[in-house]
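The block underneath contains the structure these notes are about, expressed in structure tokens.
Both ligands and their constituent atoms are indexed starting at 1 by order of listing.
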Amino acid sequence: MKDIYTLGIESSCDETSVAVVKNGREVLSNIINTQIDIHTLYGGVVPEIASRNHIQNVSAVMKEAIKEANIDLNQIDAVTCTYGPGLVGALLVGLSYGKALSYAINKPLVGVNHIEGHIAANYITHKDLKPPFLCMMMSGGNTQIVHVKDYTDFEVLGRTRDDAIGEAFDKIARVIGLGYPGGPKVDKMAYDGEATINIPKTHFDNLDFSFSGIKTAVINLNHNHPETNKADLCKSFEKAVSEILVKNVKKAIKQTNVNTVVLAGGVSANSYIRNEFLKLEKEGNTKIYMPDVKLCTDNAAMIASAGYYDFMAGKRDEISLNAKPDLRL
Ligand code: KG4
């Protein structure tokens with residue numbers, strides 16, 4: 001069979017990224033320009049600044065991705081682009097660039113759901129991974145358990161009713177003075193801590209999540225007892241959220257009889273959470289997959305991989321495709 005090359009473009013938040021992927025699994029290039037240093041000044045992502053920086057960066061990132069992949073634009077089979085969910089101005093930059101490119105080189109445009117991209121990061125890391133499986137999707141904007149029935153067939157079994165898990169990490173980090181981006185800093189801080197503090201957790205009968213109460217509990221504890229050891233607080237928070245995640249995943253396994261579980265999204269880089277899921281695997285009967293840490297956060301290779309499966313399933317988009325900030329699976 002002929003090799004298929006997809007070019008991926010990602011700009012949904014504060015990373016401008018372009019990648020070239022062969023047959024959905026082999027990364028030929030994955031250039032990521034992160035704006036973290038710029039947004040650190042403000043303690044979080046400023047949407048307007050993110051959009052402006054995407055505009056400044058996208059051409060250079062694209063040129064580098066093509067050069068590193070050592071490919072001619074004419075060899076690209078499809079231009080695959082994140083069109084949601086995300087910040088609308090940021091999404092529009094990558095999408096408009098992708099639309100113009102698809103028109104200029106006369107190759108199909110495929111709009112990709114960013115969440116689908118996070119799931120696909122696992123196809124790059126694990127060449128043997130095939131649906132069906134369950135995905136514990138946890139990022140800065142989303143937290144949901146997805147039944148991935150096929151490469152382009154998804155059923156959301158449960159989702160957060162309030163904050164995404166990454167938002168809770170980021171907010172706690174800010175309040176206890178660790179700064180932005182919060183998740184990796186909480187992760188690091190927790191290394192030296194002990195999970196000695198009991199943090200109240202919210203559970204539902206179904207597979208939904210809630211992280212706003214747990215976030216507020218940690219913030220209040222820090223406020224009312226500023227003497228609390230920060231490392232212990234971080235580790236106790238990680239323990240509490242891990243218990244919620246693992247409990248819901250176990251319920252989803254029971255409900256679906258699917259016992260292959262895949263982690264995805266920025267928070268799946270968290271070392272404590274990864275370890276808790278490995279413990280679940282050791283209990284037996286569950287196979288756990290997780291993306292390479294550098295593919296957990298936003299990147300275009302995962303978009304080119306998801307785009308490959310959309311393209312192979314026949315998905316094609318018109319040049320009129322618009323950004324959808326609240327796109328769901
Ligand atoms: O998937 P992502 O890059 O962007 C979205 O699509 O939302 O996720 C970003 C989120 C942020 O909340 C960030 O703090 C969190 O992932 N994150 C982590 C870690 N690395 C990134 N959270 C916990 N531990 C980490 N090591």
Numbered in order shown, the ligand 1 atoms found under 4.0 Å of a heavy atom of Gly266 are 1 (O), 2 (P), 8 (O), 16 (O), 17 (N), 18 (C), 19 (C), 20 (N), 21 (C)
Query raised in the report: According to the interplanar angle, ranging from 0 to 90°, do the rings of Tyr309 and Tyr151 count as parallel (below 30°), tilted (30 to 60°) or perpendicular (above 60°)?
Result: parallel
Notebook entry, point to check: Does ligand 1 have any atom sitting under 4.0 Å from a heavy atom of Met138?
Noted result: no
For Ser12 and Ala90, the nearest pair of non-hydrogen atoms, with its separation, is O-CB, 3.9 Å
Checklist entry - Where does the angle between the aromatic ring planes of His118 and His114 fall among parallel (under 30°), tilted (30 to 60°) and perpendicular (over 60°)? => result perpendicular
* Asked: What do you reckon, does His118 have a nitrogen or oxygen under 3.5 Å from a nitrogen or oxygen of ligand 1?
  -> yes
The answer for which part of Asn270 has a heavy atom under 4.0 Å from ligand 1 is both
Near Thr297 (heavy-atom distance under 4.0 Å), the atoms of ligand 1 are 3 (O), 21 (C)
Exercise. Cut-off 3.5 Å, side chains only: do Lys324 and Asn113 have a donor facing an acceptor?
Worked result: no
Ligand 1 atoms nearer than 4.0 angstrom to some heavy atom of Gly141 are 7 (O)
Within less than 4.0 angstrom of ligand 1, does Cys13 place any heavy atom?
no
Looking at Tyr289, does the NZ or CZ of Lys287 lie under 6.0 angstrom from its six-membered ring centre and within 45 degrees of the ring axis? yes
Quiz item: Is the closest side-chain heavy-atom distance between Glu15 and Gln35 below 4.5 Å?
Solution: no
Counting only heavy atoms from other residues, nucleotides and ligands, does the tally under 6.0 Å from CG of Asp3 exceed 12?
yes
A student checking ligand 1 against Gly166 at a 4.0 Å heavy-atom cut-off should list atoms 12 (O)
closest protein heavy atom to atom 26 (N) of ligand 1 is Asp187 OD2, 2.9 Å
Atom 22 (N) of ligand 1: closest protein heavy atom, distance to 0.1 Å, is Gly183 CA, 3.2 Å
### Task
Kindly state whether the ring of Tyr42 and the ring of Tyr180 have centres lying under 6.0 angstrom apart.
no
Residue, atom and distance of the protein heavy atom nearest atom 6 (O) of ligand 1 read His114 NE2, 2.9 Å
For atom 4 (O) of ligand 1, the closest protein heavy atom turns out to be Asp298 OD1, 3.2 Å
Note: ligand 1 atoms sitting under 4.0 Å from heavy atoms of Gly140 are 5 (C), 7 (O), 8 (O), 9 (C), 10 (C), 12 (O)
Q | Min heavy-atom dist Pro184 to ligand 1 below 4.0 Å | A | yes
Check: of Asn142, Asp170, Thr34, min heavy-atom distance to atom 13 (C) of ligand 1 comes from Asp170
The reported gap from CG in Asn222 to CD in Glu227 (rounded to nearest 0.5 angstrom) is 9.5 Å
If we number the atoms of ligand 1 from 1 as shown, the ones under 4.0 Å from a heavy atom of Val267 are 15 (C), 16 (O), 18 (C), 22 (N)
**Item:** Donor on one side chain, acceptor on other, Ser271 and Asp187, under 3.5 Å
**Value:** yes
